[in-house]
Participant: 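There's a structure below that I have some questions on.
It should be emphasised that the depicted structure is a prediction, and the values quoted were computed from it without experimental measurement. Residue numbers start at 1 and run along the sequence shown. Counting starts at 1 for both ligands and their atoms, in listed order.
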Amino acid sequence: MSAIKAKNIPTVFIIFGATGDLMAKKIAPALFHLYRNGKFPNLFKIIAFSRRDIGLEGFKEHLRTILANKKGKQFKKEDIEAFLNFFEYQQGDFEKVDAYNTLASYLGNIDGEWMACSNKLFYLAVPPSNYRSIVEHLKTSGLTKPCGPDEGWTRVIVEKPFGKNAQTALELDLLLADLFQEEQIYRIDHYLGKDMLQNILSFRFNNDLFEDSWDKDHIEKIEIRFMENIGIEGRSTFYDGVGALRDVGQNHMLQMLAFVAMDQPKTFTAGDVRTQRAEILKKLNTLSPLEVEKLTYRGQYIGYKEVEGVSPKSTTETYFKIAASISSTRWSGIPIILEAGKELEQKKEIVVTFKHREPCLCPPGVHYKNKVFFTLEPKEGITIEFWSKKPGHGYEMEKQKLSFLFRDQRKKVQYVEEYERLLLDCITGNQLPFVSTDEVKAMWNFIDPIIEAWDKNKVQLVEYKPKTKKVITDSLIVEKRLLE
Ligand code: BG6
């Protein structure tokens, strides 16, 4: 459904946890951008639900501060004020039914005023420990009942982490399934809202240059890198409980892999694309405990344990490398390298290295290999590395690049653009950039055995100096072992 149609969908957006961190960092700035870009439906209201007893005026003041402090462009005061007019505030305890009843009558009044059966979008911007009481109360207060069979939908948005392992993810799914069908559940992984990920599909399936060689016969390895120069930025309690693999590996990086490795979907619809993403993720080979020892590496930056809120005895990884593989006719035997770390040189990219045919017209011992880089950061774009003859006499080769720069990401404000796009997709009902339950399951099935072995200390936790390259070169060992 197009953004133009979205304008004609009367929608009420209900945010649970509206005074929290998620709202401040991601949801409020993204909603503001949607508003500024004229993307709100013609009939639209946002109900901020929170425990804090600050009233609508107090909440508006809170939002003013958030938007005024947001990095990037300065927002105009009159725009902020007009935006704030879309909000209503509902104070309430997630555990108590009264607030939900008030909310229900309030929603009824909005429909009466609009003379419409509005669509309801519930955003669970709260820790997963609050999900159960919210879902149960939504159910008992009848808040998610549509007005009629064809009138008004309800949808729910949930955030990563989707559980802590396969078992807890399943429990979460069962809880949501009590009230919502899979088509109503929008699981956010903001990486799916990134242009470059969506661009991988365009690059692969709208061009004929590479797709015929996009397989094990022509490709030597796929590397996914997720290196960040930042540390854990005030999120110590959360981060120390999850670690790098759960924080970015289980979700963002496996989604990057899905885009680069999946088969062509039959159509560019949510159903077909999500099915293909899930299919390739299911084919990731799970590692046995012995393989985890051999094929994974984990590290922690020096100074991490001193961060406020981190346990002084923490064994949480802030860096990992995994040499993985996929069992499929397209990819069997090809190394898939997943590497991520905090406090390192900023680099988020996918590198696809091609094989060089034999016999090779190259000097003994040398192979000229082509590489395709899908870079997310620091400069978003696509680069193809190829070999060219050096000008002049002789036949010496040199590496050259064909580059397409999409954008310089250093100027971008983190999360806002992705959330803006994803929120609009929720309103229009496009589930393509949201994670399906099958994907969640497949991703945990791959991650769980690694975390279990790490928890048993089967793989030594190596300390590394912030900004070092050493941890990156030392961990190359896992890649070598995969090829042994
Ligand atoms: C988040 C992780 O999901 O993604 C953070 O929790 C990470 O640790 C962030 O820094 C990276 O997002 P982006 O869009 O800046 O690449």
Participant: Quick check on contacts: which atoms of ligand 1 are under 4.0 angstrom from a heavy atom of Arg235?
Facilitator: 2 (C), 5 (C), 6 (O), 8 (O)
Participant: Measuring from non-hydrogen atoms of Glu377 to any atom of ligand 1, is the shortest distance under 4.0 Å?
Facilitator: yes
Participant: Which of the numbered atoms in ligand 1 are under 4.0 angstrom from any heavy atom belonging to Lys348?
Facilitator: 11 (C), 13 (P), 15 (O), 16 (O)
Participant: Which residue in the set Lys25, Lys194, Lys26 passes salt bridge (charged side-chain N to carboxylate O under 4.0 Å, His left out) when paired with Glu418?
Facilitator: Lys194
Participant: Between Arg64 and Glu61, is there a side-chain N and carboxylate O pair less than 4.0 Å apart?
Facilitator: yes
Participant: How close does the nearest protein non-hydrogen atom get to atom 3 (O) of ligand 1, and which residue and atom is it?
Facilitator: His252 NE2, 2.7 Å
Participant: Find all atoms of ligand 1 within a distance of less than 4.0 Å from any non-hydrogen atom belonging to Asp247, and give their numbers and elements.
Facilitator: 2 (C), 5 (C), 6 (O), 8 (O)
Participant: Any idea which atoms of ligand 1 are less than 4.0 Å away from a heavy-atom of Lys194?
Facilitator: 13 (P), 14 (O), 16 (O)
Participant: Do the ring centers of Phe203 and Phe374 come within less than 6.0 Å of each other?
Facilitator: yes
Participant: Taking the six-membered ring of Phe354 (Phe, Tyr or Trp), confirm whether the NZ or CZ of Lys369 is under 6.0 Å from its centre and within 45° of its axis.
Facilitator: no
Participant: Do me a favour and list the nearest non-hydrogen protein atom to atom 12 (O) of ligand 1 with residue, atom name and distance?
Facilitator: His190 NE2, 3.1 Å
Participant: Does the pair Lys221/Glu223 count as a salt bridge with the N-to-O cut at 4.0 Å?
Facilitator: yes
Participant: Between Glu182 and Arg187, is there a side-chain N and carboxylate O pair less than 4.0 Å apart?
Facilitator: yes
Participant: List the closest protein heavy-atom neighbour of atom 7 (C) of ligand 1: residue, atom name, distance to the nearest 0.1 Å.
Facilitator: Glu228 OE2, 3.4 Å
Participant: Who's the nearest protein heavy-atom neighbour of atom 15 (O) of ligand 1, and how far?
Facilitator: Gln414 NE2, 2.8 Å
Participant: Do any side-chain atoms of residues 454-461 form donor-acceptor pairs under 3.5 angstrom with protein atoms, and if so which ones, sequence neighbours left out?
Facilitator:
residue	atom	partner	partner atom	Å
Trp454	NE1	Thr296	OG1	3.1
Asn457	OD1	Arg298	NH2	3.0

Participant: Distance under 4.0 Å to a non-hydrogen atom of Lys160: what atoms of ligand 1 satisfy this?
Facilitator: 2 (C), 3 (O), 6 (O)
Participant: What atoms of ligand 1 come closer than 4.0 angstrom to any heavy atom of Lys342?
Facilitator: 5 (C), 7 (C), 8 (O), 10 (O)
Participant: Would you mind listing which atoms of ligand 1 come within a distance below 4.0 Å of any non-hydrogen atom of Tyr191?
Facilitator: 12 (O), 13 (P), 14 (O), 16 (O)
Participant: Check each atom of ligand 1 against the heavy atoms of Tyr415 and keep those under 4.0 Å away; list them by number with element.
Facilitator: 1 (C), 4 (O), 9 (C)
Participant: Side chain or backbone, does Tyr239 bring an N or O within less than 3.5 Å of an N or O on ligand 1?
Facilitator: no
Participant: Using modelled atom types only, decide if a donor and an acceptor are shared between the side chain of Glu317 and the backbone of Ala244 within a distance under 3.5 Å.
Facilitator: yes
Participant: Is it true that Asp438 and Arg274 have a side-chain N and a carboxylate O under 4.0 angstrom from each other?
Facilitator: no
